[in-house]
Amino acid sequence: MQQYDVIVIGSGPGGYTGAIRCAQLGLKTAIIEKYNTLGGTCLNVGCIPSKALLDSSEHFFNASHTFAEHGIKLDHLAVDLPQMITRKQDVVDQTTKGVAFLMKKNKIDTYYGVGSFVDAHTVKIAKTEGGEETISGKNIIIATGSKPMSFPSMPLDKKRVITSTEALKLTEIPKHMIIIGAGVIGAELGSVYARLGAKVSFVEFADSMIPTMDKTMGKELQKSIKKLGADFYFNHKVTKVENTGSEVVVSVETPKGETITMTGDYCLVSVGRKPYTDGLNLEAAGLAVDGRGKIEVDDHLQTKVPHIYALGDVIRGAMLAHKAEEEGVFIAETIAGQKPHVNYLLIPNVVYTWPEVAAVGYTEEELKNKGMAYKVGSFPFKALGRARASMDIDGLVKVLADKETDELLGVHIIGPRAADMIAEAVMAMEFRASAEDVSRISHAHPTYTEAFKEACLVATDNRAINM
Ligand code: FAD
Ligand code: NAI
């Protein structure tokens, strides 16, 4: 039986990053993946393919809606959806092959098959190619990720009542896509199909889009997505979803308790994701999941069996690729005897719509609930020369700073390239900068980042220059 210092079960961003860091630290490492390609949800059916389609659909939208104003004329513009999906798949294939290359480069043994515990040190692999193999590890990392969630009232058939996985490979542009849940997946994939010409209707339990982010972001995002022709049904509850063959009928309870029905050709269920531990045989290792299906871990990401660790979507916290990656590195360095640290407050959160939404730190609602005294600095992109030059004027930067010390407590951006801009805020907050610190740093002109500086000037002493 092969012996390893570390066995990683699951090759998503958490698993493969952790495996590489283990190998870098001289630990003999194996990784097990049940699918034929590495990279997990993120690379195969999550972050990467969704961004590929977001980019393609944004190109089409710009070509059909904004190019003329830039003085660019196009005739006979059309969407070739099969080509769009093919390009997306090419991007995915290149990326997942890249991970396989990295495993080889770092001398990590890769096993394809379902991994399950035999005991707390032994893992059996039911190999994809057939047969079984058993390997043993001094340490084991569970990195098995998550799967889409649904409710009994909205049974998935994966043809018309679909999850994000199917929405990434549709063969036709929906006429009317009903989206249950206006969270991150709803906002991103709803944008893709709305830009390509679908009618999109959001049915959301809460009172806004992306309801767990700062409320200003949800309000502003709704305005932008409304411009794509979308409809919103907030505070509405889905009671029944039925595939009638060529259509989906969705019954919805309004805030007044009345029932309305909506008819579409596709219904995307994006109501969250649940941790995935099926087939792991956790009991054999002396482990169990909590009431929400998550594996419990302590501050060192150790389960109650200390040499078994867990990370990413299968444990508590944000279900984000870069959170899982930080945890992979954290576990590898802990196993190697180092004292790593993850600052969970400063894990940024990004929605890749256009304009993009990006945030780090506390929301205004969280500061209110905590009873913390804060001040707000807000600056709209439309006041920036760079934004007007590109016609990307929607959105704003909102900065929350401590009322007494001026320390940045939260930064929330909706606007062009917010996803990349948030890195400056993360860096500033990691070094515990004040709003005034940021406002005294030179920002290149003309750039979108000037909006961050100006918002900090507003927060410091209400002394924005360009507003
Ligand atoms: P996963 O990536 O889920 O990987 C787990 C792996 O374990 C899978 O490959 C699975 O097959 C394997 N596995 C499970 N059980 C076993 C077993 N018993 N044996 C062997 N292998 C097993 N996050 C972002 O940060 N940015 C984004 O832009 C973003 N976009 C997203 C878009 C979509 C449509 C979706 C669905 C998710 C998106 N996410 C995004 C979330 C991100 O994909 C997850 O947070 C991330 O993949 C979690 O990483 P992980 O390593 O915990 O698990
Ligand atoms: P989500 O948690 O972002 O949004 C789910 C939405 O559904 C919420 O707004 C919730 O109020 C609503 N909802 C829940 N039950 C409902 C019901 N019965 N009827 C109507 N609405 C209901 O989850 P989502 O969008 O499914 O994404 C799952 C996770 O994947 C995200 O939490 C995120 O961690 C990750 N992800 C990250 C992305 C990124 O970082 N850009 C992109 C896509 C996914």
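From a predicted model like this one, the values you see are computed outputs, not experimental measurements. Because only heavy atoms are used, hydrogens play no part in the values below, and waters and symmetry mates are left out as well, while side chains stay in. As the structure lists them, so they are numbered: ligands from 1, and atoms in each ligand from 1.
- Heavy-atom contacts of Tyr352 reach the following atoms of ligand 1: 28 (O) (cutoff under 4.0 Å).
- Nearest to atom 44 (C) of ligand 2 among the protein's heavy atoms is Ile185 CG1, 3.3 Å.
- Annotation for ligand 2: atoms under 4.0 Å from non-hydrogen atoms of Ile180 are 19 (N), 20 (C).
- Atom 12 (C) of ligand 1 has its closest protein heavy atom at Glu33 OE1, 3.3 Å.
- Those atoms of ligand 2 with a heavy atom of Met319 less than 4.0 angstrom away are 33 (C), 34 (O), 35 (C).
- Residue-level proximity to ligand 1 for Lys51 is carried by the side chain, the only part with a heavy atom below 4.0 angstrom.
- With rounding to the nearest 0.5 angstrom, the OH atom of Tyr352 is 7.5 Å from the SG atom of Cys47.
- Protein heavy atom in closest approach to atom 7 (O) of ligand 1: Gly10 CA, 3.2 Å.
- For a threshold of 3.5 Å applied to N or O pairs, the pair formed by Met319 and ligand 1 contains at least one separation below that value.
- Nearest protein neighbour of atom 45 (O) of ligand 1, counting heavy atoms only, is Asp313 OD1, 2.9 Å.
- Every atom of ligand 1 is numbered from 1 in the order shown, and the set under 4.0 Å from a heavy atom of Val45 is 34 (C), 36 (C).
- Here Lys398 pairs with Asp214 in a salt bridge; the nearest charged N to carboxylate O distance falls below 4.0 Å.
- Side chain of Ser150 to main chain of Met154: a donor-acceptor pair is present (N/O by atom type, distance under 3.5 Å, no hydrogens or angles).
- Crowding of Lys124 atom NZ: a count of heavy atoms from other residues, nucleotides or ligands under 6.0 Å not exceeding 12.
- The single protein non-hydrogen atom nearest to atom 16 (C) of ligand 1 is Thr144 CG2, 3.7 Å, given as residue, atom name and distance.
- In this structure, Pro49 falls outside the shell of residues with a heavy atom less than 4.0 angstrom from ligand 1.
- Put simply, part of Arg273 is less than 4.0 Å from ligand 1, judged by heavy atoms.
- In terms of protein heavy-atom proximity, atom 51 (O) of ligand 1 is closest to Gly14 N, 3.0 Å.
- For atom 32 (O) of ligand 2, no protein non-hydrogen atom is found at a distance below 4.0 Å.
- The closest side-chain heavy-atom distance from Val411 to Ile422 is below 4.5 Å.
- Remark: minimum distance from atom 26 (N) of ligand 1 to any protein heavy atom is reached at Cys47 SG, 3.8 Å.
- Of all atoms in ligand 2, numbered sequentially from 1 with element shown, those under 4.0 Å from a heavy atom of Tyr352 are 41 (N).
- His65 and Phe61 have parallel rings, their planes meeting at less than 30° on a 0 to 90° scale where 60° marks the start of perpendicular.
- For Asp392 and Arg417, the salt-bridge test fails: no basic side-chain N is under 4.0 Å from an acidic carboxylate O.
- Taking distance alone, with nitrogen or oxygen atoms compared against 3.5 Å, Phe205 approaches ligand 2 more closely than that limit.
- With a 6.0 Å cutoff to the six-membered ring centre and a 45° limit on the axis angle, Arg316 counts as a cation-pi contact of Tyr344.
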Q: Walk me through it: do Asp394 and Lys227 pass the test salt bridge (Lys or Arg N to Asp or Glu O under 4.0 Å)?
A: CA-CA 11 Å; Asp394 287 350; Lys227 287 185 192 167; 2.8 Å; yes
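- Taking every heavy atom of Arg273 and a limit of under 4.0 angstrom, the matching atoms of ligand 2 come to 28 (C), 29 (C), 30 (O).
- Panel note: side chain Glu33, backbone Tyr35; a donor-acceptor pair is recorded below 3.5 Å.
- In this structure, CZ in Arg21 is found 11.5 Å from OG1 in Thr29, a value given to the nearest 0.5 Å.
- Taking the charged nitrogens against the carboxylate oxygens, Lys138 and Asp5 do have a contact shorter than 4.0 Å, which makes a salt bridge.
- Between Glu296 and Lys304 there is no salt bridge, since none of the side-chain N atoms of the basic residue sits less than 4.0 Å from a carboxylate O of the acidic one.
- At least one N or O atom of Glu204 sits closer than 3.5 Å to an N or O atom of ligand 2.
- For ligand 2, none of its N or O atoms has an N or O atom of Asn349 under 3.5 Å away.
- Using a 4.0 Å cut-off between heavy atoms, Lys237 makes no contact with ligand 2 at all.
- Heavy-atom proximity to Val350, at under 4.0 Å, picks out these atoms of ligand 2: 39 (C), 40 (O), 41 (N).
- Shown in contact with Leu320 at under 4.0 Å from a heavy atom are these atoms of ligand 1, numbered in order with element: 23 (N), 25 (O), 45 (O).
- Residue contacts with ligand 2 do not include Ala318, since none of its heavy atoms lies under 4.0 Å from the ligand.
- Side chain of Ser191 to backbone of Thr353: no donor-acceptor contact under 3.5 angstrom is found.
- Between Pro211 and ligand 2, no N or O atom pair is found at a separation short of 3.5 Å.
- Of all the heavy atoms of Ser50, the ones lying under 4.0 Å from any atom of ligand 1 belong exclusively to the side chain.
- Among protein heavy atoms, the minimum distance from atom 24 (C) of ligand 1 is reached at Ala321 N, 3.5 Å.
- Remark: Arg160 is positioned above the aromatic ring of Tyr266, its terminal NZ or CZ atom under 6.0 angstrom from the ring centre and at most 45 degrees off the axis.
- Between Glu327 and Lys323 there is a salt bridge, with a side-chain nitrogen of the basic residue lying less than 4.0 Å from a carboxylate oxygen of the acidic one.
- Atoms of ligand 1 lying under 4.0 Å from at least one heavy atom of Ser164, given by number and element, are 34 (C), 36 (C).
- Proximity of a side-chain donor or acceptor of Thr239 to a complementary backbone N or O of Ser251 within less than 3.5 Å is detected.
- The minimum heavy-atom distance linking Val8 with Ala19 is given by the pair CG2-CB, 4.0 Å.
- Here's the thing with Phe151: none of its N/O atoms is less than 3.5 angstrom from an N/O atom of ligand 2.
- With His412 contributing its side chain and Tyr362 its backbone, the two residues share a donor-acceptor pair below 3.5 Å.
- In terms of N/O distances under 3.5 Å, ligand 2 is not approached by Ala182.
- The aromatic rings of Tyr111 and Tyr4 stand perpendicular to each other, their planes meeting at an angle above 60°, with 30° marking the opposite boundary.
- Of the possible donor and acceptor atoms, one in the side chain of Ser270 sits under 3.5 Å from a partner among the backbone N and O of Ile180.
- Nearest protein heavy-atom neighbour of atom 7 (O) of ligand 2: Gly181 CA, 3.3 Å.
- Nearest protein heavy-atom neighbour of atom 18 (N) of ligand 1: Gly115 O, 3.0 Å.
- Of all atoms in ligand 2, listed by their number and element, those nearer than 4.0 Å to a heavy atom of Val203 are 20 (C), 21 (N).
- Below 4.0 Å from some heavy atom of Ala143 lie the following atoms of ligand 1, by number and element: 5 (C), 6 (C), 7 (O).
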Q | salt bridge (Lys or Arg N to Asp or Glu O under 4.0 Å) between Glu133 and Lys127, worked out | A | CA-CA 7 Å; Glu133 187 167 345; Lys127 290 187 159 185; 2.7 Å; yes
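- Residue Ser146 touches ligand 1 through its backbone alone, judged by heavy-atom distances below 4.0 Å.
- For ligand 2, the polar-atom distance check against Ala206 finds no nitrogen or oxygen pair separated by under 3.5 Å.
- Below 3.5 Å of separation, one finds no N or O of Leu320 facing any N or O of ligand 2.
- The shortest separation from a heavy atom of Met154 to ligand 2 is under 4.0 Å, placing the residue in contact.
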